[in-house]
Every structure is written in structure tokens, then in C-alpha cells.
Amino acid sequence: MKNSSLAHDSLIKSISAGKLPKHIAIIMDGNGRWAAKKGLPRTAGHKKGMDTVDMAVTTCKNLGIKVLTLYAFSTENWRRPEKEVTFLMRLLKTYIILQRQKLMKNKIRLNVIGRISELPEFVKKELVKTLKATSGNTEMTLNLALNYGGRVEIIDAVRHILRDVLESKKDLAPEAVINSIDEETFSSYLYTAGLPDPDLLIRTSGEFRLSNFLLWQIAYSEIYITDILWPDFKEEDLYMSVLAYQQRERRFGGVKRI
Ligand code: IPE
Ligand code: IPE
Ligand code: MG
């Protein structure tokens, strides 16, 4: 056996199946820097990053992770040069088409979070097809964050709540309406309604920031930051992040268990 596969096998064996994160969320960062280091255009990094996406989906599925959320395009990413944005949208479309069969084979359901209505028509058209085709799959949910921003998600939830109140609760006493909002109700108005909060949040490329990702949902997520750039992130690195997660003590504001 090769050394690398030995290391790979022993890493998998160290993972405790009973303590897996249910939901892993990833800020896939560093595509541009990966390309620059090689003297290539930023788009080459995005292209290579797609292979890592493929690896992450397969690895999480095989590990038994129930939800994988990938931050693919933020509400702020429209600020990038038009050429790069267009490339990313085309890449997204290609990915959604290519993945359709693979997701079916692996029984993975595709879900999207973000202001989807603002995406180009050619992306939306393919998205709808893949969402429909995979809607009955139950092995894992692949949750793609597209044109996603944590702040607009909260704004959209507030708007949605107000609309509901104005439309269907206007006969109730104001106090009753106000008190009907608790954490659970609020969560049910977010794009992530029905999904558990992430247990583990991974960010590649060594940046110590959230960049507007899942602001509400990561209140108690364990954060794992690695210097590795997304196109270089390998299966072993994902196992390492899960192992690090399993060594954390999650207290949720309580005290250390003895
Ligand atoms: C992440 O890589 C991909 C997207 C945000 C779409 P970047 O493109 O942000 O790469 P860096 O951070 O510039 O290296
Ligand atoms: C966050 O990365 C968004 C995605 C990974 C899609 P960015 O590269 O956009 O974040 P900043 O600008 O470095 O904070
Ligand atoms: Mg970046």
C-alpha cells in the first residue's frame, strides 16, 4: 500500500461515526490566489475549484454527512469584473447540468439558498430542472448558496413575516402577533428553513472572516480555518476538519461535562 493511501485509511478510521457533524458548511475561498500563484487567470482557479466541489460532495456523502452547504456566490460577488461574473455563472450552469445524473445516482437532493430570482435565466432554467429531478432524494442534501448574503436573508425573512402578518394575522391583537415571533418561528422564515444549523463551518485560504455567510445559523457552529486554497483542498483535508471538530467540546453556553 502506498504511504498516501495508508494515511488516508488511518484518517478515516480515526473518525468516530457516532459523532459526525450533521451539517457541514464551507466557504470555498482562494480560487483566485491559486491561479495567480500559477500565473494563470482567476477563472482557471474557479475551474479547478469545481473538482474540489465534486470531491467534497462525494466525500461527505460517503462519510454519512446529511447536509453540505457550499458558499458558491455571494450577494457581494457581483462587484467583481463582469468577465469573471459571467464566467462563474456559465460554470455554475455547466455544473448544475453535469451533476444532475451524479446526484441521482448518489441519491442527493439539491437545494438552493439565496436570492435565486436575481440569477440569470440560463442558470435558473437548469437549476429548476435539477431541483425537480432530485427532490425525492434522501441520502444527503447539497445546499448551494447562490447570490446568498446573510443580511439579505434576514431582511427577506422580516419582509416575509410582515407580509404574513398583514395578510393573515391582521385580526389578532398586536401583542399576540409580536409574541408569536420566537427563534423557531424566525428560523422557519429563513432560506434554510427545515435544515439543521451547521455543526462545522470550514473556510479555506486562511481568511478569518465570515463574508456575510449564514450569520444567523452559525451562532454555535464550530469553525475550522485552513490556509489551503480551495483548489488544493483534498479529501484528507476534509477528514482533518471532521477530526478537529470531533475533538472540540461544544458547550452551548453551559459548563464542561465531567
Ligand atoms: C472563491 O475564490 C470563489 C468565489 C468567491 C466565487 P475567490 O475567487 O474568492 O479567490 P480569492 O479569494 O480571490 O483567492
Ligand atoms: C466569500 O468569499 C464568498 C464565497 C466563497 C462565495 P469572498 O472571496 O467573496 O470573500 P471576501 O471578499 O474575501 O471577504
Ligand atoms: Mg476570495
Side-chain angles (χ1 to χ4, degrees), residues 24-61 67-106 108-134 137 140-150 152-153 191 202-205 207 211-214 226 228-235 237-238:
I24 298 181
I26 310 182
I27 302 176
M28 312 183 286
D29 198 15
N31 291 352
R33 276 163 283 171
W34 181 90
K37 261 182 31 188
K38 295 192 148 35
L40 298 168
R42 293 178 55 82
T43 48
H46 296 315
K47 206 157 166 254
K48 184 73 167 55
M50 278 299 163
D51 296 341
T52 314
V53 169
D54 231 9
M55 175 285 291
V57 173
T58 313
T59 306
C60 284
K61 153 76 187 5
V67 185
L68 171 67
T69 297
L70 299 177
Y71 201 7
F73 195 87
S74 77
T75 45
E76 287 73 41
N77 286 148
W78 299 104
R79 293 176 188 158
R80 295 185 176 204
E82 200 185 324
K83 259 184 151 173
E84 183 173 343
V85 171
T86 306
F87 183 88
L88 282 168
M89 290 301 148
R90 292 207 180 120
L91 196 63
L92 183 59
K93 177 192 144 187
T94 310
Y95 176 78
I96 295 162
I97 296 173
L98 286 177
Q99 284 302 305
R100 210 169 282 148
Q101 259 187 328
K102 208 164 172 192
L103 294 175
M104 290 312 289
K105 195 172 135 240
N106 287 308
I108 299 171
R109 175 178 80 102
L110 180 70
N111 189 64
V112 280
I113 55 171
R115 280 201 177 156
I116 304 305
S117 60
E118 293 170 0
L119 290 171
E121 279 308 322
F122 66 86
V123 173
K124 280 193 280 188
K125 199 175 127 213
E126 298 305 331
L127 250 185
V128 169
K129 282 193 208 162
T130 307
L131 287 168
K132 247 195 196 157
T134 63
N137 294 343
M140 185 177 96
T141 297
L142 169 61
N143 193 31
L144 282 188
L146 305 174
N147 191 22
Y148 174 89
V152 293
E153 177 179 36
Y191 305 144
I202 300 171
R203 182 164 188 154
T204 56
S205 90
E207 306 287 5
S211 303
N212 205 7
F213 192 42
L214 301 174
T226 169
I228 300 167
L229 305 173
W230 181 248
D232 285 333
F233 190 74
K234 300 280 177 301
E235 200 177 322
D237 302 313
L238 195 46

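Dense packing is recorded around NZ of Lys61, with more than 12 heavy atoms of other residues, nucleotides or ligands lying under 6.0 Å away. Around the CD atom of Gln101, the shell of radius 6.0 Å holds no more than 12 heavy atoms that belong to other residues, nucleotides or ligands. Lys93 NZ: 12 or fewer foreign heavy atoms inside a 6.0 Å radius.
Listed for the Lys124 side chain is no donor-acceptor partner under 3.5 Å among the backbone atoms of Phe122.
Every residue two or more places apart in sequence or in another chain that forms a side chain to side chain donor-acceptor pair (under 3.5 Å) with Arg80 is listed here: Glu84. In this structure Thr141 satisfies the side chain to side chain donor-acceptor pair (under 3.5 Å) test together with Arg109, sequence neighbours excluded. Residues meeting the ring-ring contact (aromatic ring centres under 6.0 Å, His included) test with Trp34, sequence neighbours left out: none.
Using a 4.0 Å cut-off between charged side-chain N and carboxylate O, Asp29 and Arg33 make a salt bridge.
Considering Leu127, Ile113, Leu70, Leu88 in turn, Leu127 is the only one that fulfils the side-chain contact (heavy atoms from CB on, under 4.5 Å) rule with Leu146.
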Exercise for review: Check the pair Gln99 / Asp54 against side-chain contact (heavy atoms from CB on, under 4.5 Å), numbers first and verdict last.
Suggested key: CA-CA 9 Å; Gln99 284 302 305; Asp54 231 9; 3.0 Å; yes
**Study point:** Step-by-step side-chain contact (heavy atoms from CB on, under 4.5 Å) determination, Ile26 to Tyr71
**Key:** CA-CA 6 Å; Ile26 310 182; Tyr71 201 7; over 6 Å; no
Point to revise | Tyr148 vs Asn212, side-chain contact (heavy atoms from CB on, under 4.5 Å): CA-CA, chis, key distance, verdict | key: CA-CA 8 Å; Tyr148 174 89; Asn212 205 7; 5.8 Å; no
**Study point:** Test log, rule side-chain contact (heavy atoms from CB on, under 4.5 Å), inputs Ile24 and Thr69
**Key:** CA-CA 6 Å; Ile24 298 181; Thr69 297; over 6 Å; no
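Looking at heavy atoms from C-beta onward, Asn106 lies in side-chain contact with Lys102 at the 4.5 angstrom threshold. For the pair Lys48/Trp230, no side-chain contact is recorded, criterion being any heavy-atom separation below 4.5 Å from C-beta on. Contact check for Phe233 versus Met55: side-chain heavy atoms found under the 4.5 Å cut-off. Annotation: side chain of Leu229 is in contact with side chain of Lys37 (closest heavy-atom distance under 4.5 Å). Side-chain contact check for Leu68 versus Cys60: some heavy-atom pair is nearer than 4.5 Å.
No side-chain donor from either of Thr75 and Arg115 sits under 3.5 Å from a side-chain acceptor of the other. Under the 3.5 Å distance criterion, with hydrogens and angles disregarded, no donor-acceptor pair is assigned to the side chains of Thr134 and Asn137. Side-chain atoms of Arg203 and Thr226 form no donor-acceptor pair, as typed in the model, at a separation below 3.5 Å.
Contact between Phe213 and Ala145 at its shortest, heavy atoms only, is CE1-CB, 4.1 Å.
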